[in-house]
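Each remark here refers to the structure printed beneath this line.
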Protein chains: 2
Amino acid sequence: MAATLHDVARVAGVSFKTVSNVINNHPHVRDTTRAKVEQAIQELGYRPNLTARSLRSGHTGAITLALPQLSLPYFAELADAVIEAAAKHGLVVLIEQTGASRERELEVMASPRLKMSDGLIFSPLALGQEDVDLIKADVPIVLLGERISGSASDHVTMQNVTAARAATEHLLDMGRKRIAVVGAHEGEVIGSAGLRLRGYREALEARGIQYDDGIVAYVVDWHRSNGAAAMHDLLDRGATFDALFGLNDTLAQGAVRVLQEAGFRVPEDVAVIGFDDLDETRYSLPTLSTVDPGRTEIAETAIRMLMERIKDPTGMPPREIETEFHVVPRESTAGTGPA
Amino acid sequence: MAATLHDVARVAGVSFKTVSNVINNHPHVRDTTRAKVEQAIQELGYRPNLTARSLRSGHTGAITLALPQLSLPYFAELADAVIEAAAKHGLVVLIEQTGASRERELEVMASPRLKMSDGLIFSPLALGQEDVDLIKADVPIVLLGERISGSASDHVTMQNVTAARAATEHLLDMGRKRIAVVGAHEGEVIGSAGLRLRGYREALEARGIQYDDGIVAYVVDWHRSNGAAAMHDLLDRGATFDALFGLNDTLAQGAVRVLQEAGFRVPEDVAVIGFDDLDETRYSLPTLSTVDPGRTEIAETAIRMLMERIKDPTGMPPREIETEFHVVPRESTAGTGPA
DNA sequence: GCCATATTTTACAACGTTGAAGCAGGTGCC
DNA sequence: GGCACCTGCTTCAACGTTGTAAAATATGGC
């Protein structure tokens, strides 16, 4: 068995509490004693038992990250960012996949194993605004995404409307007039799809361009295949357009593939912009213009808020923070400017 | 504060140990007592404190998965598979990113927080065969990948040589004669790159085709940009070939992009196969033929072995298991058969 | 050299749980 | 009717740690 404080104490010839004091850098430990204890720690290869420490102290040094699925690139990159941000503060990350199932999302908040961590960073995909009152758990929560706002928890979100508007304006600035959209969600107002579509409409409106539902393709999920299907749909119904706004990168990639198969050149015939700045958009053919929603900032802000909340669970009212975004122009919108 | 066994016991009018017995489905609890206790549990919203349970029982119900980085699609999909496999057994997964740094990889095994879990599934990328004796920790380890074998830990690996041979044979079966390779590692014998190159050579040899180092491109990392650079390199030195084996999908994707830019048609001019069966290879243009290395099986086998080892840490000698693979033909090698 | 005070170390009690062991009371067997 | 044995519950100790408070030792002033 692994060595305990008692074992170290016996070897060092002191009480086990003194060993504890050495480990926790208490003042009032004589140098000679400290040396003796450290020697014994070395000798036995002592490592503190974090479970016992957790039980005693009431916190674990871990946080839970709940997201739909790691094989979706957006969430993989989000998880990467969260783990890195957490590591900077000495926290480990425990991952729960919800598969975007409502049941699993509720279960994550209710599960006793959530208490194996000190807090939850939660990116729901099935729960919506109507579930706002169900967002609660035994630990502090920081909510990510746009599906639910005004909950009792802190919330980090991207500037969907403004960023989508900027993406659309980027296409307009390139001289494009008929901008198709893939990825809208039927009737949605408050989720990412609804908000990004709103940004799109605002951009059009500001330039005096009429919104045309005929070049907006609706989907259910935001996977590549949905982007491809939506583009098929647009082409099948004879839609004409000179630009495309994919409401996320994955949709845009699926749509680009179909465009190219159908003989359209990107960006010459159709300029395309996505949303998310996935790593892979840097390597596709053509490279995909996109919007960097500030993923690192999202992760770091979420960790910071969660830590503050863990330290002082009831101190402040719920906060809502929006991160900075950047339009990232690449080949898929290149050289198509009016000048 | 959250309710404890004692609180429930007080409400139910029994001893706290009886509550514990109810929760753990001990026999010898009268139905009426059980009902009373369950009522009290409901009433108080009692949830067991897993930290205390862990301390007492000596196991946590979590496992650690250590991998280079989640933003690399291969590892994201691996993590997805491991989390799903773990969930089937009621285990949570705690993720450590090593960034493929030797120091971090060693640190993961030495860190006291590894003991917040019952075992480690470890996919090293910096440590190599020379470090075989450093593979040890306070918990059982299951090693993934090809970099280290013959350690004291259980090991799950894919059939790199045989699978790479099958991939190469697939290209040969399509009538291709000059098969370029991107992704070789200088001087490597035992890692994924070395093994897959060996499979490639075996396939050539079996058909009496001379190995030509002039159409093998060496790289340092296995990212898309390396695949692109390697293909640039091949083209620059005037290499001629009618097929390409990317030692993983990401490399193949980077190379395909460069090929297409250079005016080559895939698969007409160059047939391409990758390795890994990443989800996204289903959606690229053209869709990428590849080798499915049995990711789900890897994850499930790793979890199973780890659980066996947790239950009986010293029972059996280290085991080494190879998973089944499948060649997945898609558009990038389509219609190029001899018939 | 002694008291007051500051420093260093110790003993004890938690944290919430489970396993071991024990104690009533009832049942079955001869 | 007495003994063994179940059933149903309880008490106690332990898992390895940290906080509190008290005890032991050292330091300083006179």
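Side-chain atoms are counted along with the backbone in the values below, which use heavy atoms only and exclude waters and symmetry mates. Residue numbering restarts at 1 for every chain, and letters A, B, ... go by the order of the sequence lines.
- Within residues 28-39 of chain B, the residues that place at least one heavy atom under 4.0 Å from DNA chain D are, in residue-number order, B:His28, B:Val29, B:Arg30, B:Thr33.
- In this structure, B:Ser15 does not reach the D:dC9 phosphate: none of its side-chain N or O atoms is under 4.0 Å from OP1 or OP2.
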List the atom pairs, donor and acceptor, that lie under 3.5 Å between side-chain atoms in residues 26-43 of chain B and the rest of the protein, sequence neighbours left out.
| unit_1 | atom_1 | unit_2 | atom_2 | d |
| --- | --- | --- | --- | --- |
| B:Arg34 | NH2 | B:His26 | O | 3.4 |
| B:Gln39 | NE2 | B:Glu43 | OE1 | 3.2 |

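- Side-chain contact between A:Thr323 and A:Pro293: absent, with no pair of heavy atoms (C-beta onward) separated by less than 4.5 Å.
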Could you go through nucleotides 12-14 of chain D and list every protein N or O atom that sits under 3.5 Å from one of its N or O atoms, giving the distance for each pair?
| unit_1 | atom_1 | unit_2 | atom_2 | d |
| --- | --- | --- | --- | --- |
| D:dA14 | N3 | B:Arg56 | NH1 | 3.1 |

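- Taking atom NE2 of A:His26 as the reference point, atom C1' of D:dT20 lies 11 Å away to the nearest angstrom.
- The pair A:Arg147-A:Glu105 does not meet the salt-bridge criterion, since no charged nitrogen lies less than 4.0 angstrom from a carboxylate oxygen.
- Atom CG in A:Asn21 sits about 14 Å away from atom C1' in D:dA22, given to the nearest Å.
- As judged by a 4.0 angstrom heavy-atom cut-off over every strand, B:Pro27 is placed among residues making no nucleic acid contact.
- Proximity of A:Asn24 to the phosphate of D:dT18: a side-chain N or O atom is located under 4.0 Å from OP1 or OP2.
- As rounded to whole Å, 10 Å separates atom P of C:dT18 from atom CG of B:Leu50.
- Regarding A:His6, its NE2 atom lies at a distance of 12 Å from the P atom of C:dT10, rounded to whole Å.
- Per the geometry, CG belonging to A:Asn49 stands 18 Å off P belonging to C:dC15, to the nearest Å.
- Regarding A:Ile23, its CD1 atom lies at a distance of 14 Å from the P atom of D:dG16, rounded to whole Å.
- Counted by atom type alone, B:Asp118 and B:Thr60 present one or more donor-acceptor pairs between their side chains at under 3.5 Å.
- Annotation: side-chain hydrogen bond (donor to acceptor under 3.5 Å, both in side chains) contacts of B:Arg113 (sequence neighbours excluded): B:Glu96.
- Of the candidates C:dT17, C:dT9, D:dG16, the closest approach to any side-chain atom of A:Thr18 belongs to C:dT9.
- D:dT10 atom C1' lies 17 Å from atom CZ of B:Arg10, rounded to whole Å.
- Residue order along DNA chain D, read from the 5' end via each residue's closest nucleotide, puts B:Gly13 first among B:Gly13 and B:Leu55.
- Here the C1' atom of nucleotide D:dG19 and the CG atom of A:Leu5 are 14 Å apart, to the nearest Å.
- For B:Ala299, the side-chain contact (heavy atoms from CB on, under 4.5 Å) partners two or more places apart in sequence, or in a different chain, are B:Ala81, B:Val82, B:Ala85.
- Neither OP1 nor OP2 of C:dT18 sits under 4.0 Å from any side-chain N or O of B:Ser57.
- Among residues two or more places apart in sequence or in another chain, the side-chain hydrogen bond (donor to acceptor under 3.5 Å, both in side chains) test is passed with B:Asn49 by none.
- Under 4.0 Å is where a charged nitrogen must lie from a carboxylate oxygen, and between B:Arg295 and B:Asp276 no such pair does.
- Under 4.0 Å is where a charged nitrogen must lie from a carboxylate oxygen, and between A:Glu107 and A:Arg104 at least one such pair does.
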